[in-house]
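Written out below as structure tokens is the structure these notes cover.
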Amino acid sequence: MAREMTSASSAVQEVPLDLLRHSCAHLMAQAVRRLWPDAKLAIGPTIDNGFYYDFDVPVAFSSEDLVKIEALMRDIAREDLPIVQKHWPRQELLSTYRNLGEVYKVEIIEEDVPDPEVSVYHQGEFFDMCRGPHVASTGQIQHFKLTSVAGAYWRGDEHRPMLQRIYGTAWHTREELEAYLRQLEEARARDHRRLGQELDLYSVQEDIGPGLIHFHPMGGRIRHVIESFWRETHLRRGYELVYSPHIAKTDLWQRTGHLEFYAENMYAPMEVEGQKYIIKPMNCPFHILMYKSHLRSYRDLPMRYAELGTVYRYERSGVLHGLLRVRGFTQDDAHIFCTPGQLPGEIVGVIDLMQYMMKSFGFTYRCVLSTRPEKSVGEPAVWELATAALRDALEAKGLEYTVDEGGGAFYGPKIDIILLDALGRGWQGPTIQVDFNLPERMDVNYIDESGEKRRVVMVHRTVLGSMERFLGNLVEHYKGAFPFWLAPVQAVIVPITDEQLDYGRRLAERFWDAGLRVEVDGRREKMNAKLRDAETRKVPYMLVVGKRELAEEKVALRKHGEGDLGPMPVDAVLARFKERTRRARWLKDFGRRLPSQGGRGYLDRLGAGIPARGGRFRARAGLRVRSKVRLRVRQECTGLRPATLIRRSSKPHTWPSRTESESTSRSRNGRFG
RNA sequence: GCCAAGGUAGCUCAGCCGGUAGAGCAGCGGUUUCGUAAACCGCCGGUCGGGGGUUCGAGUCCCCCCCUUGGCUCCA
């Protein structure tokens with residue numbers, strides 16, 4: 001591969017970033033080798049934003065060592081050693097590496113490099129087997145930084161030696177490097193663990209146990225808002241809310257197969273009157289038994305059982321992470337029991353609901369469809385049907401997705417939704433999984449039109465993920481500054497002197513009566529201190545009341561992060577706030593359009609539900625609803641005039657188009673269902 | 001679970017070669033009644049993560065355990 005030597009400064013920009021980083025990994029290895037001549041080299045690939053190299057060294061690298069290595073790297077860069085490719089006969093390279101004791105390189109050659117000639121890159125005294133390409137000389141590597149050390153198993157196998165991995169980052173220009181480092185800072189500022197502490201949202205208590213979350217009052221309020229919204233929406237979409245116990249007899253878990261396939265994530269049984277019980281890692285068995293408490297007809301289906309179900313799963317201590325990876329968590333779980341024919345419609349309904357949730361909370365996301373793995377249960381034809389249902393639903397909803405071939409659970413295909421936070425990092429959130437296993441094992445049936453017993457199709461799904469993880473994602477997404485409808489405290493009333501304290505308290509009553517969460521700051525502090533505290537707590541609004549406001553029945557409105565908006569009549573502020581509540585928005589959505597999954601199983605048959613076809617509400621057709629009663633409710637909740645409401649609801653409903661931003665995924669995937 | 005780094009007041013952190021623990025904020029008490037991001041004075045506050053050991057003496061050194069963090073592995 002011919003490459004001409006050009007001066008570093010002009011060539012730098014043209015080199016692909018990946019290549020630069022790979023060369024930087026070599027540069028680091030060379031520096032490590034100079035400092036620790038016995039260091040054995042493993043592999044040194046590029047990753048998002050940087051690179052790493054794995055070393056086997058008898059001493060543990062300290063952070064001072066990183067500084068030393070980095071300094072030496074700069075020296076070697078200054079030496080501007082030409083980087084040249086040579087082709088070594090395989091045998092010669094093998095014996096050289098054997099003589100050097102480079103056991104990892106030897107293993108790589110023996111197992112993965114059959115070619116008679118092997119490409120080796122040389123720079124000064126250092127050489128490394130590598131396909132390349134690389135930059136022309138070490139002098140071209142200018143803007144880099146070593147970021148961390150960590151242990152890493154050789155070939156990712158926990159039974160093999162643990163090596164030391166040094167991570168680094170490299171960029172074309174100083175500006176890019178600094179921008180990246182700033183971005184890391186930014187990510188730290190958004191860290192939900194830090195914000196969770198600062199905003200007093202939650203805690204983990206050493207005396208209680210790792211991975212067990214306590215929602216403090218402010219976190220509790222947010223969770224309450226999310227849960228209320230979730231329940232309302234689910235009832236509205238034809239789900240039934242159920243509640244199940246936290247423990248069940250060992251026999252049940254035997255029957256479901258959890259003891260066989262999931263035991264390593266389950267906690268040991270406890271004994272009660274000679275009977276063994278296990279705390280639940282999943283909610284599905286309970287829902288199944290509720291379903292099975294009656295004989296079900298095809299007319300009952302689909303049945304949708306929803307529950308904010310708290311489960312406990314053993315996670316290895318090293319993987320716990322704030323709210324995002326825990327041992328006890330509450331899934332926003334639901335199980336849908338339906339006929340094979342209903343499956344496609346049900347999947348569409350779930351995706352629609354998921355989209356609605358994501359839109360409501362402001363998340364962007366991407367979708368991954370996982371298909372049949374090697375080891376699986378169920379007929380191939382059924383798998384095909386279910387996978388097609390998932391795929392079709394994604395396409396019908398206009399969602400882009402990637403396919404993880406063979407990445408499904410052994411019991412069925414699934415769609416995973418990766419939430420993207422504001423920094424573009426991805427986290428496994430909602431999941432939709434078809435299950436062929438449990439209905440079989442638990443003998444879950446319905447009676448079809450001809451009186452035959454038929455196996456139901458079962459869908460596990462969450463549309464948020466878990467309350468813990470979702471809250472963590474929300475905190476990072478909004479950097480702790482929750483939108484008005486979610487904010488634990490929506491406004492703080494700030495009396496300037498004690499003279500206005502009573503007025504402030506009267507105002508607070510009015511706001512609470514309107515369903516808003518406000519607080520009066522009655523401390524003997526200066527207004528500035530109160531404002532500062534409210535700003536720090538990221539409260540969306542501050543209502544300053546002084547002499548003038550008291551006289552005119554006004555408040556001076558101040559918005560978080562924006563500042564003073566000037567005095568406003570109290571009624572205007574109330575109206576403004578009510579407009580921003582989720583209830584108001586929900587009613588708007590609800591007024592325009594009923595969910596596609598209007599039918600409600602047995603309720604339909606009792607005449608208590610929404611007519612499946614036609615009917616005054618024309619639910620399924622998605623036409624507007626104009627019931628007088630509903631209008632009145634909406635008027636009350638939104639504060640809008642009837643004419644406005646009717647006009648609004650007459651507009652045809654369209655879902656806003658989503659923009660999918662491509663970005664790196666940092667998925668902690670597949671833990672639900 | 002593995003490798004590494006940590007754990008000192010409610011929070012953020014300082015504490016040298018082993019000599020008996022300190023700051024800011026928060027809290028509490030007082031004074032101040034103030035117009036858009038921190039008023040002033042004073043006070044209280046510590047099993048130095050837990051246990052054991054070495055030592056005349058341990059926050060500091062050694063061993064075990066717990067928890068946190070960064071990775072690895074795992075993630076039905």
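Because only heavy atoms are used, hydrogens play no part in the values below, and waters and symmetry mates are left out as well, while side chains stay in. Sequence lines set the chain letters: A, B, ... in the order given, protein chains first and strands last, and positions in each chain run from 1.
The listed nucleotides are B:G70, B:A39, B:U36; the one nearest the side chain of A:Lys526 is B:A39. Of the listed nucleotides (B:A37, B:C3, B:U33), B:C3 has the atom at the smallest distance from the side chain of A:Met162. For A:Lys547, whose side chain is taken as the heavy atoms from C-beta onward, the closest listed nucleotide among B:G35, B:A37, B:G1 is B:G35. Side-chain proximity of A:Arg558 to the nucleotides B:C66, B:U33, B:A37 is greatest for B:A37. Nearest to the side chain of A:Glu206, among B:U73, B:G70, B:C66, sits B:C66.
Taking the C1' atoms as reference points, B:U73 lies 25 Å from B:G7, given to the whole Å. Using atom C1' as the reference point in both B:U54 and B:C67, the two lie 26 Å apart (nearest Å). Look at the P atom in both B:A21 and B:G27: the space between them is 27 Å, to the nearest Å. The C1' atoms of B:A58 and B:U20 are separated by 9 Å, rounded to the nearest whole Å. Only the C1' atoms considered, B:C25 is 37 Å distant from B:C64, to the nearest whole Å. Nucleotides B:A23 and B:A14 place their C1' atoms 7 Å apart, quoted to the nearest Å. Nucleotides B:G24 and B:C41 are separated by 11 Å at their P atoms, to the nearest Å. Across B:G19 and B:G57, the matching C1' atoms stand 7 Å from one another, rounded to whole Å.
A:Asp443 has a carboxylate O that lies under 4.0 Å from a charged side-chain N of A:Arg455, or vice versa, which qualifies the two as a salt bridge. Ion pairing between A:Asp54 and A:Arg160 fails under the 4.0 Å rule for side-chain N and carboxylate O. A salt bridge links A:Arg188 with A:Glu185; the closest basic N to acidic carboxylate O contact falls under 4.0 Å.
For the pair A:Leu565 CG and B:A37 C1', the computed distance is 15 Å after rounding to whole Å. Summarising the geometry, the separation between OH on A:Tyr153 and P on B:G71 is reported as 15 Å, rounded to the nearest angstrom. In this structure, A:Met527 places its CE atom 11 Å from P of B:C34, rounding to the nearest Å. We find that CG of A:Asn49 is positioned 16 Å from C1' of B:G70, with the value rounded to whole Å. Between the C1' atom of B:A38 and the CG atom of A:Asp533 lies a distance of 8 Å, rounded to the nearest Å. Atom CG of A:Asp54 is separated from atom C1' of B:C2 by 14 Å (rounded to the nearest Å). Rounded to an integer number of Å, the gap from CG of A:Asp157 to P of B:G1 is 19 Å. Taking atom CZ of A:Arg165 as the reference point, atom P of B:C72 lies 6 Å away to the nearest angstrom.
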Practice item. Might you work through the side chain to side chain donor-acceptor pair (under 3.5 Å) test for A:Glu307 and A:His287, ending with a clear yes or no? Key: CA-CA 9 Å; A:Glu307 174 173 14; A:His287 293 187; 2.7 Å; yes

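Side-chain to base pairing of A:Arg524 with B:U32: one donor and one acceptor N or O lie within less than 3.5 Å of each other. Scanning atom types as modelled, no donor and acceptor separated by under 3.5 angstrom connect the side chain of A:Glu264 and the base of B:G1. For a distance-only test at 3.5 Å, the side chain of A:Arg325 qualifies as a donor-acceptor partner of the base of B:C74. Between the base of B:U33 and the side chain of A:Asp498 there is a donor-acceptor pair shorter than 3.5 Å.
Within the structure, every side-chain polar atom (N or O) of A:Gln205 is placed at least 4.0 Å from both OP1 and OP2 of B:C67. An OP1 or OP2 oxygen of B:G70 is reached within less than 4.0 angstrom by a side-chain nitrogen or oxygen of A:His321. Taking 4.0 angstrom as the limit, A:Arg193 places a side-chain polar atom (N or O) nearer than this to OP1 or OP2 of B:G70.
Relative orientation of the A:His321 and A:His192 rings is tilted, given thresholds of 30° and 60° on the angle between their planes. Taking the six-membered ring where tryptophan is involved, the planes of A:Tyr53 and A:Phe55 are essentially parallel, since the angle between them stays under 30° and well short of 60°.
With a cut-off of 3.5 Å on both pairing distances, B:U60 has no Watson-Crick or G-U wobble partner at all. For B:G45, there is no paired base (Watson-Crick or G-U wobble, both distances below 3.5 Å). For B:C40, the paired base is B:G30 (Watson-Crick or G-U wobble, both distances below 3.5 Å). The nucleotide B:G24 finds its pairing partner in B:C11, both defining distances of the Watson-Crick or G-U wobble pair being shorter than 3.5 Å. Nucleotide B:C17 forms no Watson-Crick or G-U wobble pair with any nucleotide shown, as no partner meets the under 3.5 Å limit on both distances. The pairing partner recorded for B:C2 is B:G71, the criterion being a Watson-Crick or G-U wobble arrangement whose two distances lie under 3.5 angstrom.
Place A:Glu499 and A:Ser62 on RNA chain B by their nearest nucleotides, and A:Ser62 ends up nearer the 5' end. Of the two residues near RNA chain B, A:Ala60 and A:Ala556, the one whose nearest nucleotide lies more 5' is A:Ala60.
Nucleic acid contact class of A:Tyr52 (heavy atoms, under 4.0 Å, all strands): none. Among the protein residues, A:Ala150 comes within range of the nucleic acid bases, having at least one heavy atom under 4.0 Å from a base atom. Within the 4.0 angstrom heavy-atom criterion, no nucleotide atom of any strand lies near A:Glu260. At the heavy-atom level, A:Ala534 lies nowhere under 4.0 Å from the strands shown. Using a 4.0 Å heavy-atom distance criterion, A:Leu320 is classed as a sugar-phosphate-only contact. The residue A:Asn528 sits close only to the backbone: its heavy atoms come under 4.0 Å of sugar-phosphate atoms, none of a base. A:Gly156 comes within 4.0 angstrom of sugar-phosphate atoms only, judged by non-hydrogen atoms across all strands, and of no base. Contacts of A:Gly322 with the nucleic acid, taken as non-hydrogen atoms under 4.0 Å apart, involve only primed sugar atoms and P, OP1 or OP2. Residue contacts for A:Gln197: at a heavy-atom cut-off of 4.0 Å it reaches the sugar-phosphate backbone alone, with no base atom in range.
In B:C17 the base sits syn relative to the sugar, since the glycosidic angle is no further than 90° from 0.
Because its NZ or CZ atom is both nearer than 6.0 Å to the ring centre of A:Tyr52 and within 45° of the ring axis, A:Arg165 counts as a cation-pi partner of that residue.
The six-membered or imidazole ring of A:Phe484 lies near that of A:Tyr541, with a centre-to-centre distance under 6.0 Å. A ring-centre distance under 6.0 Å is not found for A:Tyr312 and A:Tyr267.
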